[in-house]
Amino acid sequence: MPRAGMLVAVLAIVAFAVWAVWDRDRAVEDNGAGGAGGGETRKASDFVGSRACAECHPGIADTFSRHPMARTMQPIGEVSQIETFGGGKDRFTAGERTYRVERRDGEVIHHEIMYDDDGKVLYDQAESVQFVIGAGVKGRGYVLQRGGLLFESPITWYSQTTSWGLSPGYPPEEHYRFQKRLGDHCLSCHSGRTAPASGEDRFVAEKPFHEAAIGCERCHGPGGRHSELYRSSPGDGHEDPLIVNPASLADQQQADICNQCHLEGKIRVLKQGVDFADFRPGELLGKTWTVYVAETPFDDEGRPLFTSHVEQMHSSRCFQESGEAMRCTSCHDPHRVPSAAERASFYKARCNSCHQERGCGLPEAEQQRPPAAGSCIACHMPSLHSSDVAHTTQADHRVVRHASETRPLEQMEQERAGRVWQPFAEMGTLLTREERRRADALAWLRQANDTGDIRLLGRVRKQLQQVLARDATDTEIRGNLGYAWFRLGNMSAAKRELERSLQERPDFEPYLTFLGLIAYSGRDDSGGRYFRRLMVLNPSDGRPHGPCADMLAASGKLDEAIRVAELGLSRDPTVLELRQALARFYRTAGRVKEAQEQERIFEQIRKRMR
């Protein structure tokens with residue numbers, strides 16, 4: 001098979017499994033030394049977990065245990081069932097594939113199935129899931145654990161429609177199946193505190209989380225020294241600067257406690273040498289990372305991005321006329337969520353804390369008409385369908401005067417006109433000139449990649465070179481420069497930068513992937529070592545097996561090529577070029593019937609993946 005075809009196939013690795021980790025740098029190997037904002041030493045041992053907090057604060061701990069944040073990540077064996085299993089409601093079809101969920105022998109199994117023209121199974125990939133993402137208010141996602149690696153399932157339960165569907169970010173036509181890696185970029189907000197192991201986005205296999213769900217220390221900071229102080233001298237009532245009381249913080253520092261998860265933007269660019277775990281409540285978020293945003297948090301149909309609440313709020317008249325003192329906790333209680341029965345009165349009281357004198361301009365009888373029934377948010381924060389999470393709605397945090405104003409603003413088309421992403425609000429002012437140049441380059445590289453803007457890519461490449469000229473030790477910049485050269489088609493320049501980056505981070509999968517692709521496209525069979533290393537680092541990924549098998553066959557190692565190809569297809573039966581190559585290997589080996597069966601399966605799957 002021509003190598004150009006296999007190269008196209010392997011580029012699927014680039015689409016997510018590789019690119020997803022380029023926007024942050026694991027320069028800090030664990031949650032220990034390093035950090036932003038001040039000279040405090042960051043120690044993982046400073047954390048004690050929410051159970052220790054509950055010993056002295058049982059009431060508030062009990063209340064918070066029912067908050068959705070306290071259930072962001074849970075072992076699947078510890079959650080109550082809200083999903084539907086059996087009765088024909090445990091399956092759905094998307095993108096010519098059928099998905100099914102079952103409970104079997106105490107496990108929850110997710111299936112992806114494809115049928116041929118006669119209704120016979122082409123493949124049925126079954127995966128056991130170990131963790132649940134989300135409290136179930138809007139839905140539940142699921143996590144697979146494979147040793148020290150974590151992956152998202154393509155199957156999600158959507159509570160608002162009581163149905164199964166594809167997970168957010170999984171287009172029906174072509175998606176990442178069971179190969180979407182989860183690292184600290186995702187888990188820093190969807191879990192309490194991970195237990196990192198040596199390597200990139202790897203966790204302790206025996207227990208990948210120190211604390212699975214978000215807990216007290218996410219907002220109050222590490223409690224180790226605070227706990228030790230009160231254990232040694234209980235009841236002294238002394239001032240304690242060792243724990244954070246958000247209510248005592250300045251406005252922006254208070255807001256940034258929420259913003260660490262509820263302000264995602266287009267990309268979060270870490271400062272050089274820090275990690276997401278380095279942020280501490282009480283600091284300015286911009287001293288650890290910078291959030292870049294587009295012109296608007298809405299798409300061109302007026303649908304909000306699911307994580308755009310903060311951006312929406314900043315555009316509201318309420319926020320702007322509050323002198324920017326309005327924040328998430330102006331309306332939300334971080335320790336409890338009102339019940340359905342008290343929801344309207346709870347939020348009405350929050351509104352009236354500012355609007356008591358003026359109140360609602362409608363007659364009382366009209367205020368009480370359904371569906372509003374006296375609720376301020378029913379009219380001023382109407383539900384909108386999210387553009388990036390299917391089957392879900394969210395409140396319009398622009399706090400519009402009339403529900404009809406939920407249509408997109410005029411400037412919502414501006415991003416298409418070539419506007420580059422910018423730091424959110426005042427975050428850019430916390431960067432030095434050189435830090436801003438570096439952060440811009442990393443953000444705009446992602447923008448160029450997402451939009452296919454080659455002109456912007458060329459501009460970014462020059463800026464990356466300028467940043468690297470000032471600091472030749474910046475491995476993240478060098479690696480991204482290598483990627484930019486790769487996208488621009490200059491393979492020799494890409495190889496030069498990526499090889500130097502790999503010397504500093506020898507198991508960083510993006511570097512290995514692109515170096516393998518460069519070697520493969522140039523018929524340099526020594527590049528097989530990169531793909532073999534990828535197969536070791538992520539054994540469940542079938543895609544690197546393709547070029548590795550092709551290189552083995554080209555060097556006369558046909559039996560080994562067949563073994564590698566069979567192994568790859570057992571891990572991902574949808575890698576078409578690999579299946580086609582296996583058929584070719586079988587024919588070369590004289591195994592004609594096996595070749596014909598692989599060719600039949602290839603044609604059947606190809607029809608369904610067009």
Side-chain angles (χ1 to χ4, degrees), residues 1-15 17-18 122-123 125 146-147 149 177-179 199 486 491-492 494-496 498-499 502-503 505-606 609:
M1 181 181 123
R3 288 201 169 180
M6 185 65 79
L7 180 59
V8 171
V10 180
L11 281 173
I13 303 174
V14 177
V18 172
L122 287 167
Y123 69 83
Q125 185 168 353
R146 296 164 175 162
L149 304 181
R177 309 185 65 251
F178 295 100
Q179 288 296 336
F486 181 93
M491 297 303 168
S492 61
K495 180 180 179 182
R496 179 184 66 246
L498 290 168
E499 284 181 338
L502 191 67
Q503 291 174 6
R505 303 172 73 181
D507 283 340
F508 193 46
E509 292 172 50
Y511 301 161
L512 291 166
T513 299
F514 288 111
L515 285 169
L517 292 173
I518 292 167
Y520 185 75
S521 63
R523 295 187 173 274
D524 177 5
D525 289 333
S526 65
R529 67 182 184 274
Y530 300 120
F531 293 111
R532 287 192 293 272
R533 186 59 185 158
L534 287 167
M535 291 159 58
V536 171
L537 293 170
N538 184 2
S540 65
D541 191 352
R543 293 167 294 187
H545 293 66
C548 186
D550 202 46
M551 290 176 177
L552 288 168
S555 62
K557 300 176 181 178
L558 184 60
D559 289 343
E560 190 175 351
I562 290 174
R563 182 188 63 79
V564 169
E566 290 173 338
L567 182 62
L569 288 173
S570 72
R571 292 167 173 175
D572 187 346
T574 67
V575 183
L576 288 178
E577 287 76 6
L578 178 56
R579 191 173 295 279
Q580 194 174 37
L582 180 58
R584 178 164 51 87
F585 299 158
Y586 280 153
R587 285 195 177 277
T588 302
R591 299 161 63 174
V592 177
K593 288 187 177 180
E594 291 170 285
Q596 291 173 339
E597 175 63 8
Q598 291 301 321
E599 289 163 354
R600 182 191 74 83
I601 296 173
F602 169 83
E603 289 297 335
Q604 290 286 318
I605 294 178
R606 185 170 66 90
M609 292 182 65

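Since we're looking at a predicted model, the values are computed, not measured. Heavy atoms only: backbone and side chains are in, while hydrogens, waters and symmetry mates are out.
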- line: Taken to the nearest 0.5 Å, the spacing of Leu517 CG from Lys495 NZ works out to 13.0 Å
field: Gap separating the CZ atom of Arg523 from the CE atom of Met551, nearest 0.5 angstrom
entry: 10.0 Å
message: Could you check whether any side-chain N or O of Arg579 sits under 3.5 Å from a backbone N or O of Pro573, counting only pairs where one atom can act as donor and the other as acceptor?
response: yes
task: Enter the distance from Asp550:CG to Leu582:CG here, rounded to the nearest 0.5 Å.
output: 12.0 Å
field: Results of side chain to side chain contact (heavy atoms under 4.5 Å, CB included) for Leu567 - residues two or more places apart only
entry: His545, Ser570, Arg571
message: A side-chain contact here means heavy atoms from C-beta on lying under 4.5 Å apart; do Leu569 and Tyr123 qualify?
response: no
task: Not counting sequence neighbours, which residues clear side chain to side chain contact (heavy atoms under 4.5 Å, CB included) with Arg496? List them please.
output: Trp485, Ala493
field: Rounded distance [0.5 Å steps], CD1 in Ile562 versus CZ in Arg584
entry: 11.0 Å
message: What's the separation between atom CD1 in Ile605 and atom CD in Gln580, rounded to the nearest 0.5 Å?
response: 12.0 Å
query: Given the rule in the side chain to side chain contact (heavy atoms under 4.5 Å, CB included) test, do Val564 and Met535 qualify, once you have shown the distances and angles that lead to the verdict?
result: CA-CA 10 Å; Val564 169; Met535 291 159 58; 4.0 Å; yes
- prompt: With distance as the sole criterion, is a donor-acceptor pair present between the side chains of Glu599 and Tyr586 under 3.5 Å?
  reply: no
- request: Kindly indicate whether the side chain of Arg587, heavy atoms from C-beta on, has any atom under 4.5 Å from the side chain of Gln596.
  value: yes
query: So how far is it from Leu578 CG to Phe585 CZ, rounded to the nearest 0.5 Å?
result: 7.5 Å
message: Do Tyr530 and Thr513 make a side-chain contact, defined as non-hydrogen atoms from C-beta onward lying under 4.5 Å apart?
response: no
- prompt: Which is it for Arg543 and Leu534 under the side chain to side chain contact (heavy atoms under 4.5 Å, CB included) test, yes or no, and what are the steps along the way?
  reply: CA-CA 10 Å; Arg543 293 167 294 187; Leu534 287 167; over 6 Å; no
message: On a heavy-atom basis, which atom in Ala561 and which in Ala553 lie closest, and how many Å separate them?
response: CB-N, 3.7 Å
- request: Check the pair Val536 / Arg533 against side chain to side chain contact (heavy atoms under 4.5 Å, CB included), numbers first and verdict last.
  value: CA-CA 5 Å; Val536 171; Arg533 186 59 185 158; 3.5 Å; yes
- prompt: If you look at every heavy atom in Ala583 and Gln598, which pair is closest and at what distance?
  reply: CB-CB, 3.8 Å
Derivation and outcome, salt bridge (charged side-chain N to carboxylate O under 4.0 Å, His left out), residues Glu597 and Arg600: CA-CA 5 Å; Glu597 175 63 8; Arg600 182 191 74 83; 3.1 Å; yes
task: Using a strict 4.0 Å threshold on nitrogen-to-oxygen distance, state whether Glu603 and Arg606 make a salt bridge.
output: yes
query: Which pair of non-hydrogen atoms, one from Arg532 and one from Cys548, has the smallest distance, and what is that distance?
result: CG-SG, 3.6 Å
query: Just wondering, do Glu499 and Leu502 contact through their side chains at under 4.5 Å, heavy atoms?
result: no
